[in-house]
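To start, the structure under review is shown below, and the notes come after it.
Positions are given from 1, in the same order as the sequence printed here. The figures here come from the full heavy-atom set of this structure, side chains too, leaving out hydrogens, waters and symmetry mates.
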Amino acid sequence: MSHSVIKTDVALVGAGIMSATLGALIRRLEPTWSISVFERLDAAAAESSDPWNNAGTGHSALCELNYTPKTADGDVNIDKAININEQFQVSRQFWAYSVDNGILGDPSEFINPIPHVSFTHGSDGVDYLRKRYDRLAGQVLFEGMEFIDDEATFSERLPLMSAGRDFSDPVALNWFTDGTDVDFGALTQQLLNHIGETGADVYFGHSVTNLTKQSDGSWIMKVSNLRTKQKVTVHAKFVFVGAGGGALHLLQKSGIAEAKGFGGFPVSGEFFRCTNPDLVADHQAKVYGQAAVGAPPMSVPHLDTRVINHQPGLLFGPYAGWSPKFLKSGKITDLPFSVKPNNLLPMLSIAPQEFGLLKYLISELAASRADRVNTLGEFVPRADGADWEIITAGQRVQVIRKTGVGGSLEFGTAVVTADDGTIAGLLGASPGASTAVPAMLNVLEKCFPKEYAGWKPALTEMIPSFGQKLSDNRDLFRQVWDWTSASLQLKRGAVAPQVDAERATAPAL
């Protein structure tokens with residue numbers, strides 16, 4: 001059997017949005033560095049970054065109610081919402097810069113304007129949304145948010161959700177017109193095309209099976225060509241593991257101390273998809289509701305307009321399921337093989353802590369198709385199951401982090417970096433892709449501390465708010481917002497962008 005050797009400065013494991021973003025940033029910062037990408041599947045963004053696998057596109061905390069929880073005294077905590085929106089603005093700036101500078105092509109291929117809306121019903125729900133609006137509407141990043149609680153405006157804005165609704169049950173909306181829908185699959189493909197065209201090597205059908213650190217701090221990766229069965233040895237100065245659910249196994253194999261104690265809890269999901277043009281035309285918004293009492297944040301129901309290949313469609317869910325696989329194309333042994341002596345206690349401690357999650361998953365697994373249509377009926381009162389098909393979404397592996405003797409389940413993303421900066425990886429799920437740029441800036445800062453200071457001028461050119469908080473600087477935010485809106489062709493309140501929109505330029509600071 002033949003064997004080959006590859007030498008590279010940067011090895012990116014996984015061809016999803018995280019690796020593509022990191023590769024594009026490094027290519028801009030260090031054009032002479034060699035970059036190699038290894039993906040076990042035959043296409044880019046085929047797992048979590050795929051648009052139908054990644055349901056929560058464009059997470060910017062404008063409508064996701066789990067980011068604005070009620071407090072014990074009945075108020076609403078908006079800290080997480082501001083932080084996530086701030087991160088999304090960083091991603092948005094990099095995408096705008098990339099369009100302006102030829103890294104990305106037609107923005108309507110990956111981003112389109114769509115309102116983001118929070119929805120509740122019942123007197124308690126209305127009261128909560130009013131308080132949420134009162135806390136957010138005066139914030140720089142949330143200016144323009146509306147509070148709606150009258151039947152006429154609700155029916156005008158959301159015809160599909162109003163038809164057949166009994167408005168004796170009060171309803172409320174927090175409406176933000178200038179939200180977006182992001183197709184992270186298309187975005188990933190464009191970024192990978194760019195780094196490939198500028199000299200990177202992208203290997204599909206290549207599975208990374210092992211990682212071994214060398215005495216000089218570099219890494220040897222064992223890679224298998226799944227098509228030819230050829231074995232490949234990769235010598236890399238730096239490795240990033242952006243392999244979605246597969247990242248935990250590889251970080252464990254690397255042996256780095258920083259990965260010890262981490263575990264993963266896989267959750268699968270299904271959604272109803274609708275492409276009936278009449279129904280699609282009656283719902284042009286991303287509408288998020290509240291999770292059922294006792295249900296986890298991942299269960300928040302939402303009725304989303306999606307724009308994929310310029311075709312709008314609707315997605316409703318999630319309906320949670322369970323599988324021991326860590327990837328949609330993974331193995332049933334993924335979960336048991338992830339249990340190690342250093343994470344056994346953290347993983348065992350989760351079951352009694354997360355009884356609500358387990359109860360929720362059991363109830364979801366027992367639900368019939370009719371039960372699921374009934375759940376859809378809360379959003380679409382006249383829902384007809386014949387208009388909706390079930391699709392299986394991507395696997396999400398929630399992070400179990402060691403805390404003391406036991407562990408805690410986290411519904412977010414965690415960047416794991418070795419102390420010497422030679423390897424990093426990303427674990428977890430939402431908000432994930434939407435915050436890819438700040439997450440990868442975090443990797444660059446931790447892994448390349450010597451170079452990072454020298455990169456700051458270039459990073460500020462790419463991201464004009466770099467090092468600053470837009471939430472504290474209204475004037476800068478408005479400059480950045482106007483520029484990104486023009487460059488990304490995000491016409492206010494439209495699903496289809498103006499392709500010939502005049503572009504602004506990045507604000508000079």
Side-chain angles (χ1 to χ4, degrees), residues 1-45 103 188-189 191-244 246-247 249-256 258-259 415-426 440 443-452 454-455 458:
M1 185 178 293
S2 61
H3 188 279
S4 63
V5 177
I6 297 171
K7 291 188 176 182
T8 188
D9 293 320
V10 176
L12 304 175
V13 183
I17 186 60
M18 295 297 174
S19 292
T21 299
L22 184 59
L25 285 166
I26 289 176
R27 172 59 75 232
R28 212 67 182 176
L29 296 168
E30 295 290 346
T32 63
W33 288 8
S34 55
I35 299 174
S36 300
V37 184
F38 300 91
E39 168 58 52
R40 62 191 293 269
L41 300 180
D42 291 326
I103 297 169
T188 299
Q189 290 163 7
L191 290 171
L192 282 175
N193 286 342
H194 169 73
I195 63 173
E197 290 166 357
T198 53
D201 295 311
V202 182
Y203 300 90
F204 291 107
H206 281 65
S207 177
V208 178
T209 57
N210 208 355
L211 290 156
T212 306
K213 190 172 185 180
Q214 304 304 291
S215 58
D216 64 355
S218 65
W219 290 87
I220 290 182
M221 300 196 320
K222 296 297 182 184
V223 181
S224 176
N225 183 326
L226 300 180
R227 301 166 183 166
T228 65
K229 307 305 179 184
Q230 181 186 42
K231 301 301 179 184
V232 182
T233 298
V234 178
H235 295 261
K237 295 178 182 177
F238 170 76
V239 176
F240 174 71
V241 183
H249 284 300
L250 288 174
L251 288 171
Q252 288 174 333
K253 287 183 176 182
S254 75
I256 61 171
E258 291 78 8
V415 175
V416 179
T417 55
D419 183 56
D420 64 358
T422 59
I423 187 170
L426 196 83
M440 294 306 96
V443 168
L444 291 174
E445 183 176 16
K446 288 183 175 180
C447 295
F448 300 97
K450 293 179 181 177
E451 294 89 347
Y452 197 72
W455 288 340

Is [Y] close to [X] at the side-chain level, that is, under 4.5 Å between some pair of heavy atoms?
| X | Y | value |
| --- | --- | --- |
| Phe448 | Trp455 | yes |
| Ile6 | Ser36 | yes |
| Thr233 | Ile220 | yes |
| Met221 | Val13 | yes |
| Asn225 | Lys231 | no |
| Leu444 | Ile26 | yes |
| Ile17 | Leu191 | yes |
| Leu426 | Val416 | no |

Heavy-atom pair with the smallest gap, counting every atom of [X] and [Y]:
| X | Y | value |
| --- | --- | --- |
| Ala424 | Thr417 | CB-CG2, 3.5 Å |
| Gly421 | Phe238 | O-CD1, 3.4 Å |
| Gly14 | Val37 | O-CG1, 3.9 Å |
| Thr209 | Lys253 | O-NZ, 2.9 Å |
| Leu12 | Gly23 | CD1-CA, 3.8 Å |
| Ser207 | Leu226 | CB-CD2, 3.9 Å |

Quick one: pull up [atom1] in [X] and [atom2] in [Y] and give me the separation to the nearest 0.5 Å.
| X | Y | atom1 | atom2 | answer |
| --- | --- | --- | --- | --- |
| Tyr203 | Arg227 | OH | CZ | 12.5 Å |
| Ile195 | Ile35 | CD1 | CD1 | 5.5 Å |
| Lys222 | Thr212 | NZ | OG1 | 7.5 Å |

Next item on the list: Assess whether side-chain contact (heavy atoms from CB on, under 4.5 Å) is satisfied between Ser218 and His235, documenting all intermediate values.
Entry: CA-CA 7 Å; Ser218 65; His235 295 261; 5.9 Å; no
Checklist line | side-chain contact (heavy atoms from CB on, under 4.5 Å) assessment of Val10 paired with Glu30 | finding: CA-CA 11 Å; Val10 176; Glu30 295 290 346; over 6 Å; no
Next item on the list: Using side chain to side chain contact (heavy atoms under 4.5 Å, CB included) as the criterion, list what pairs up with Glu445, not counting sequence neighbours.
Entry: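 For Glu445 the side chain to side chain contact (heavy atoms under 4.5 Å, CB included) partners, ignoring immediate neighbours, are Tyr452.
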Next item on the list: List in chain and number order the residues that pass side chain to side chain contact (heavy atoms under 4.5 Å, CB included) with Lys213, two or more places apart in sequence or in another chain; answer none if no residue qualifies.
Entry: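 Side chain to side chain contact (heavy atoms under 4.5 Å, CB included) list for Lys213, sorted by chain: Trp219, Asp420, Thr422.
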Next item on the list: Describe, in one word, how the ring planes of Phe38 and His206 are oriented to each other, choosing from parallel (under 30°), tilted (30 to 60°) and perpendicular (over 60°).
Entry: tilted
Checklist line | N/O donor-acceptor pair under 3.5 Å between Arg27 side chain and His194 backbone | finding: no
Margin query: Does Arg28 form a side-chain contact (heavy atoms from CB on, under 4.5 Å) with Ile103? I'd like the steps, not just the answer.
Written below: CA-CA 10 Å; Arg28 212 67 182 176; Ile103 297 169; 3.9 Å; yes
Note to self: Tell me every residue that passes ring pair (Phe, Tyr, Trp, His ring centres under 6.0 Å) with Phe240, counting only those two or more places apart in sequence or in another chain.
What the structure shows: none
